[in-house]
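Written below as structure tokens is the structure these notes are about.
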Amino acid sequence: MRVHQYEKAFLWLGAIMLVAFMIALLVTSVAMGIHLPGRAGEVDPLSINSIEPFNNPGVREVGPGRYEVVLLGSAWSWNPSEIRVPAGSEVTFLAASTDVIHGLHIDRTRVNMMLIPGQISRNTYRFERPGEHLLICHEYCGAGHHLMSGKVIVE
Ligand code: CUA
């Protein structure tokens, strides 16, 4: 092979990879419905404690095997800081910040989202196995950032 033939081959390789990645993106986003946790709405952070459903944080059963967790992040704690759900349940987290930006991550799950003041973040996850998951803040939010933890207990 001469040098310009290698160049041609690499150009083709690049073009094929581009098409393959576009197809992978389309299949995962359109056919499989996988996307980033989106903004689920807006809420006034100054009066969040009196706005439904954030005036009543906690775990609620919304159907057979389905739960909703209303979760508030504040410097420097989670409310509630302990979440209990039965194994096999599908849990939708509806989370918001009452002050600054926090990051919500539940260990060993794909629940990972930013809590931006004024926005509601939503994410759904199925907890298959019993056990404990650490609930942490992964965005530096001040002197007590490292204290901001909780747990999800799957029973
Ligand atoms: Cu909240 Cu770091």
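All residue numbers in this chain count up from 1 along the given sequence. Each ligand, and each atom within it, is numbered from 1 in the order the structure gives.
- For Glu139, the N/O/S atom at the shortest distance from atom 2 (Cu) of ligand 1 is named O.
- Note on Val85: it clusters hydrophobically with Tyr125, by side-chain heavy-atom contacts below 4.5 Å among ILVMFWY residues.
- Classified by interplanar angle (parallel below 30°, tilted 30° to 60°, perpendicular above 60°), the ring pair His138/His105 is tilted.
- If you look at His102 and ask which of its N, O or S atoms sits nearest atom 1 (Cu) of ligand 1, the answer is ND1.
- The distance from atom 2 (Cu) of ligand 1 to the nearest N/O/S atom of His138 is not under 2.8 Å.
- Atom 2 (Cu) of ligand 1 has an N, O or S atom of Cys141 closer than 2.8 Å.
- Between Glu155 and Arg84 there is a salt bridge, with a side-chain nitrogen of the basic residue lying less than 4.0 Å from a carboxylate oxygen of the acidic one.
- Distance check for His145 against atom 1 (Cu) of ligand 1: none of its N/O/S atoms falls below 2.8 Å.
- Atom 1 (Cu) of ligand 1 has Met148 among its coordinating residues (N/O/S atom, backbone or side chain, under 2.8 Å).
- No side-chain heavy atom of Phe93 sits under 4.5 Å from any side-chain heavy atom of Val70.
- Of all heavy-atom pairs between Asp99 and Gly73, the closest is OD1-O, 4.2 Å.
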